[in-house]
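Excluded from the calculations below are hydrogen atoms, water molecules and symmetry mates; all remaining heavy atoms, backbone and side chain alike, are included. Numbers here are sequence positions counted from 1.
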Amino acid sequence: CLIHPLLNLVPGLIAVCYFTSICVFSANYYARWNGTAWSAMGAGFNRTARSAAVLNNVLYVSGGFSASGNTELASIGRWDGTAWQPVVSGGNAPRSINRIAAINGSIYATGLIAAGNGAGFVPVARLAADGWRSIAEGPSDQSSVFAPFDIGVYDGQIYVSGLFRTAPGESATEIASWTGPTRRGL
């Protein structure tokens, strides 16, 4: 399980995991612990949730899901305090998101993401007001094996890790960094 403590937004401990029930109730891949008991947050998801992030006091969850109850979510949803709401839709929706992170005032993601800036499906993207944007210059090479799984930030640079030996255009051994559109293998 991947467990996220989220303070000052949703009191308690948030668990994003590969479960459909926890203790004795249905959780559908997401649950909240208030210090005494587990509880569901809305309808949960129809498939696995993998990651959570908070940006501007809004909770986002990502994964391999496509819906919460009757609401279509396209691998990422935001919590409005009552239910999960869509973040992107249509042709600009990702196929699957591995991880998300709130970095420098934006949500970033790794996965198989349809970028709206003509880049096709990209492995790392930033969420903009009108959908996902590739953080690298130029289109992604679909034949390359660049499969980042996790994402984070250190000293102002975005880092991704995963199953790859090269970041497009650079030698990299399972970790790479970005500064603006420039990527660098480590």
Side-chain angles (χ1 to χ4, degrees), residues 1-103 105-116 121-128 131-133 135 147-153 158-163:
C1 282
L2 179 63
I3 298 179
H4 293 270
L6 302 173
L7 305 174
N8 300 324
L9 177 69
V10 181
L13 185 71
I14 304 302
V16 176
C17 209
Y18 296 94
F19 55 69
T20 55
S21 64
I22 191 164
C23 294
V24 294
F25 76 94
S26 176
N28 293 329
Y29 307 106
Y30 208 82
R32 178 178 65 194
W33 175 255
N34 66 9
T36 305
W38 289 101
S39 64
M41 295 175 66
F45 305 108
N46 65 336
R47 286 187 216 110
T48 305
R50 297 186 190 115
S51 186
V54 175
L55 179 65
N56 299 325
N57 291 325
V58 176
L59 172 63
Y60 294 83
V61 171
S62 67
F65 54 83
S66 61
S68 176
N70 293 326
T71 304
E72 291 185 26
L73 296 179
S75 297
I76 187 168
R78 65 176 173 77
W79 181 247
D80 70 4
T82 305
W84 294 103
Q85 300 299 325
V87 175
V88 295
S89 62
N92 204 8
R95 287 191 184 166
S96 183
I97 295 179
N98 293 327
R99 294 283 189 267
I100 57 173
I103 301 171
S106 295
I107 295 289
Y108 287 81
T110 63
L112 189 55
I113 303 161
F121 283 98
V122 297
V124 184
R126 179 183 58 82
L127 185 60
W132 294 103
R133 298 285 182 230
I135 68 169
F149 188 74
D150 216 343
I151 187 166
V153 67
I158 297 169
Y159 289 82
V160 296
S161 64
L163 301 173

If I compare all heavy atoms of G64 with all of R50, which pair ends up nearest, and what's the gap? N-NH1, 3.6 Å
Heavy-atom pair with the smallest gap, counting every atom of R78 and P86: NE-O, 3.9 Å
Distance-minimising heavy-atom pair for M41 and W84: O-NE1, 2.9 Å
Just verifying a value: how many Å separate D150 CG and I100 CD1, rounded to the nearest 0.5 Å? 11.5 Å
Do you know which two heavy atoms are closest between S68 and A43, and how far apart they sit? OG-CB, 3.7 Å
Taking the side chain as everything from C-beta on, heavy atoms only, tell me whether W79 gets closer than 4.5 Å to V54. no
So, do V61 and F45 sit near enough that their side-chain heavy atoms are less than 4.5 Å apart? yes
What I want to check is whether the side chains of N46 and S66 have a donor and an acceptor closer together than 3.5 Å. yes
Determine the minimum heavy-atom distance between I113 and T110, stating which atoms define it. CD1-C, 3.9 Å
Side chain proximity check, W132 to I97, heavy atoms < 4.5 angstrom: yes
Which pair of heavy atoms, one from N98 and one from S51, lies closest together, and at what distance? O-CB, 3.9 Å
With heavy-atom distances below 4.5 Å as the criterion, would you say the side chains of L73 and F65 are in contact? yes
Verify the neighbour count for atom CD of E72: are there more than 12 heavy atoms of other residues, nucleotides or ligands below 6.0 Å? no
With a 4.5 Å cut-off on side-chain heavy atoms, are I103 and I151 touching? yes
